[in-house]
Amino acid sequence: MAMRLMSSLLAAALLVGCASHAAKPEPPPAPAPAATAEAPATPPADDSLNATAWFQTSVERDLVYRAIYRAAAVQLPAALADKRWDALQKEDRGNDPRKLPPAIIVDVDETVLDNSPSSVRQIREQRGFDDANWNLWVNERKAKALPGAAEFLNAAAKRGVTIFYISNRTADQAQATIDNLRSAGFPIKDASQFLGLGTVVEGCEQEGSEKSCRRQLVGRGYRVLMQFGDQVGDFVQILANTPEGRRAAIAPYADWIGQRWWALPNPLYGSWEPALFNNAWSQPAGERRAQKEAALDDAK
C-alpha cells in the first residue's frame with residue numbers, strides 16, 4: 001500500500017513538471033539587423049543642369065561657335081570695303097560713320113569667354129547666381145576662349161580693326177577681365193577697349209544694364225562693322241522684356257543677322273528667362289518654374 005502511494009505521488013510530480021515546462025513562453029524572435037547605410041538623397045531639380053552639360057561637353061556647341069565666327073570672317077572684307085556699312089542702329093548712331101576708322105563690338109561672357117565653370121559651381125553648391133561668387137570667379141581669371149572667337153578677332157585686328165568689349169561685368173572688374181582676355185589670346189591694347197557696366201558716357205543717361213550708351217560711345221569715334229553677343233540686348237535696347245517685346249526690338253534688323261549682327265547660343269542664363277515670369281525674381285523658385293513650363297508649346 002505504501003509502495004502504491006509513493007508511485008502515485010511521483011507520477012503527479014512528473015505531470016506538474018511537464019505542464020510547467022509546456023507553459024513556458026518561447027523567446028521572441030531576434031530583431032532584424034539595422035540598416036548600415038541610408039539611401040542617397042535625390043538632388044533637387046536644377047533647370048540649368050542640362051544647359052550647362054550641353055555648353056561644356058557637346059561638340060555641337062563648338063561647331064556652332066566656329067561656324068558663326070568663320071561666316072563673319074567671310075563677311076569682313078565686304079564690311080571693310082563698303083564705307084556705308086555700319087552695324088549700329090540709328091538710335092545709337094548720331095554722326096556720319098563713313099570717314100571713321102573701323103571697329104567691332106563684342107560682348108564678353110558666353111560670346112568670347114566661357115564662364116560655364118561658374119555655372120557648374122552653382123549646381124554643385126545648390127545655389128543660384130550671386131554677385132559675391134561671380135566676383136570671385138571673375139577675379140580668378142580662368143575663363144577660356146570660346147571656339148573661333150580669338151582667331152577671328154585677331155585676324156580683324158591685323159586688318160586695322162579695333163575691338164571693343166562691351167560687357168555687363170562692372171567697371172571695377174575691368175583689370176581682371178582685361179587680364180583674362182589677354183591670357184585667353186584676345187587682342188586688347190589698353191583699358192579703353194573694355195567698356196563695363198558703370199562706364200560714364202557724357203550726354204547719355206545709363207538705363208539699368210542696357211548697353212546703348214556704351215555703343216554710342218564707340219560710334220562717336222568708329223564705324224562699327226559688326227556686333228557679336230548672346231543676348232538681344234547686346235544689339236538693341238529692349239523696351240519691354242517679354243517674349244513679344246524682345247521679338248519686336250529685333251524685328252527691324254532681321255536683315256542684319258548673319259551680316260552685321262551675330263548671335264551666339266547661351267542656354268545658361270539671360271534676359272530671355274525672366275521674360276517668361278514677368279521679370280519677378282522675387283517669386284519662389286517653384287512659381288517661376290511653373291510659369292516657364294506654362295510658356296512652353298506642346299502643339300496640342
Side-chain angles (χ1 to χ4, degrees), residues 79-80 82-113 131 134-135 138-139 141 149 153 156-157 159-182 186-241 245-246 248-250 252-253 256 260-264 270-271 279:
L80 281 165
D82 184 354
K83 300 302 181 183
R84 297 169 299 175
W85 183 300
D86 186 48
L88 286 185
Q89 60 165 336
K90 61 182 180 181
E91 289 81 2
D92 292 339
R93 170 62 70 193
N95 55 4
D96 185 347
R98 288 176 291 180
K99 294 183 179 181
L100 299 177
I104 286 174
I105 292 174
V106 295
D107 172 53
V108 173
D109 300 314
E110 280 53 71
T111 297
V112 298
L113 288 182
D131 289 327
W134 170 248
N135 189 58
V138 169
N139 281 286
R141 299 160 167 82
L153 294 177
R159 301 191 66 163
V161 179
T162 301
I163 314 301
F164 285 93
Y165 302 85
I166 298 184
S167 170
N168 281 338
R169 294 186 176 203
T170 55
D172 62 1
Q173 294 170 333
Q175 192 57 56
T177 302
I178 292 168
D179 291 346
N180 198 160
L181 287 167
R182 285 174 175 160
F186 289 98
I188 180 165
K189 293 181 179 179
D190 57 59
S192 68
Q193 291 174 251
F194 174 77
L195 303 176
L197 187 62
T199 300
V200 176
V201 180
E202 186 177 349
C204 186
E205 185 176 348
Q206 177 72 38
E207 294 184 29
S209 60
E210 290 287 347
K211 296 182 174 181
S212 180
C213 287
R214 286 168 283 169
R215 289 192 293 262
Q216 291 178 40
L217 180 61
V218 175
R220 291 173 186 177
Y222 294 85
R223 177 168 67 95
V224 179
L225 306 181
M226 298 177 181
Q227 295 193 70
F228 293 78
D230 63 308
Q231 309 285 330
V232 170
D234 291 329
F235 307 100
V236 62
Q237 187 161 354
I238 302 170
L239 298 180
N241 193 45
R246 295 165 65 80
I250 210 77
Y253 304 95
W256 288 13
R260 304 182 191 193
W261 291 358
W262 304 84
L264 288 305
S271 53
N279 305 290

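Note that this is a predicted model, so its numbers are computed, not measured.
- In this structure, V200 and Q206 have side chains that are not in contact, with every pair of non-hydrogen atoms separated by 4.5 Å or more.
- Of the inter-residue distances, the one linking I104 atom CD1 with F164 atom CZ reads 11.5 Å to the nearest 0.5 angstrom.
- Annotation: salt bridge (Lys or Arg N to Asp or Glu O under 4.0 Å) contacts of D230 (sequence neighbours excluded): none.
- Looking only at distances, a side-chain donor or acceptor of Q193 sits under 3.5 Å from a matching main-chain atom of K189.
- Counting only N and O atoms by type, the side chains of R93 and N95 include a donor and acceptor under 3.5 Å apart.
- Of all heavy-atom pairs spanning A103 and Y222, the tightest one is CB-CB, 3.6 Å.
- Here the closest heavy-atom approach between residue S167 and residue D107 is recorded as CA-OD1, 4.3 Å.
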Legend entry - Stepwise side chain to side chain contact (heavy atoms under 4.5 Å, CB included) test for I166 and V106: CA-CA 6 Å; I166 298 184; V106 295; over 6 Å; no
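- I238 contributes atom CD1, which lies 12.0 Å from atom OG of S212 (distance to the nearest 0.5 angstrom).
- Considering only heavy atoms from C-beta on, Q227 comes within 4.5 Å of V224 through its side chain.
- What you find for D234 and G229 is that their closest heavy atoms are OD2-CA, 3.3 Å.
- Between L153 and V112, the closest side-chain pair of non-hydrogen atoms falls below 4.5 Å.
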Legend entry - Worked verdict on R220 versus V201 for side chain to side chain contact (heavy atoms under 4.5 Å, CB included): CA-CA 11 Å; R220 291 173 186 177; V201 180; 3.8 Å; yes
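- Once rounded to the nearest 0.5 Å, the distance linking CG of N180 with CD1 of I178 reads 11.0 Å.
- Using a 4.5 Å cut-off on side-chain heavy atoms (C-beta onward), V138 and T177 make contact.
- The two atoms that bring W261 and A87 nearest to each other are NE1-O, 2.8 Å, heavy atoms only.
- With hydrogens and angles ignored, the 3.5 Å screen pairs no side-chain donor or acceptor of T111 with any backbone N or O of V108.
- We find the CG-CG distance between L195 and N168 to be 11.0 Å, quoted to the nearest 0.5 Å.
- Taking all atoms of both residues into account, the shortest heavy-atom contact from N241 to S271 is ND2-O, 3.1 Å.
- Distance check: L217 CG to S192 OG gives 9.5 Å after rounding to the nearest 0.5 Å.
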Inset, instruction - Please report the C-alpha distance between Y165 and L181 in whole Å, then the side-chain angles of each, then the deciding distance to 0.1 Å, and finally whether the side chain to side chain contact (heavy atoms under 4.5 Å, CB included) criterion is met. - result: CA-CA 10 Å; Y165 302 85; L181 287 167; 3.9 Å; yes
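- Distance alone, capped at 3.5 Å, places no donor-acceptor pair between the K211 side chain and the G233 backbone.
- Residue D190 qualifies as enclosed at atom CG: its count of foreign heavy atoms under 6.0 Å is above 12.
- One finds no salt bridge joining D86 and R223 here, because no Lys/Arg side-chain nitrogen approaches an Asp/Glu carboxylate oxygen to under 4.0 Å.
- Closest approach of A157 to P187, counting heavy atoms only: CB-CB, 3.9 Å.
- The closest side-chain heavy-atom distance from W134 to R169 is below 4.5 Å.
- The side-chain contact (heavy atoms from CB on, under 4.5 Å) search around D96 returns R98, not counting sequence neighbours.
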Inset, instruction - Show the numbers, then the answer: is there a side chain to side chain donor-acceptor pair (under 3.5 Å) between N135 and N139? - result: CA-CA 6 Å; N135 189 58; N139 281 286; 3.2 Å; yes
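- A 4.5 Å side-chain heavy-atom check between P102 and L80 finds at least one atom pair inside the cut-off.
- Of the inter-residue distances, the one linking W262 atom CH2 with F235 atom CZ reads 10.5 Å to the nearest 0.5 angstrom.
- Formation of a donor-acceptor pair under 3.5 Å by the R215 side chain with backbone atoms of L88 is not found in this model.
- Geometrically, R260 engages W85 in a cation-pi contact, judged by NZ or CZ lying under 6.0 Å from the ring centre and within 45° of the ring axis.
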Legend entry - Stepwise side chain to side chain contact (heavy atoms under 4.5 Å, CB included) check, D109 with Q231: CA-CA 10 Å; D109 300 314; Q231 309 285 330; over 6 Å; no
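- In this structure, F186 and I163 have side chains that are not in contact, with every pair of non-hydrogen atoms separated by 4.5 Å or more.
- A side-chain hydrogen bond (donor to acceptor under 3.5 Å, both in side chains) with Q237 is found for exactly one of E207, Q89, E210, namely E207.
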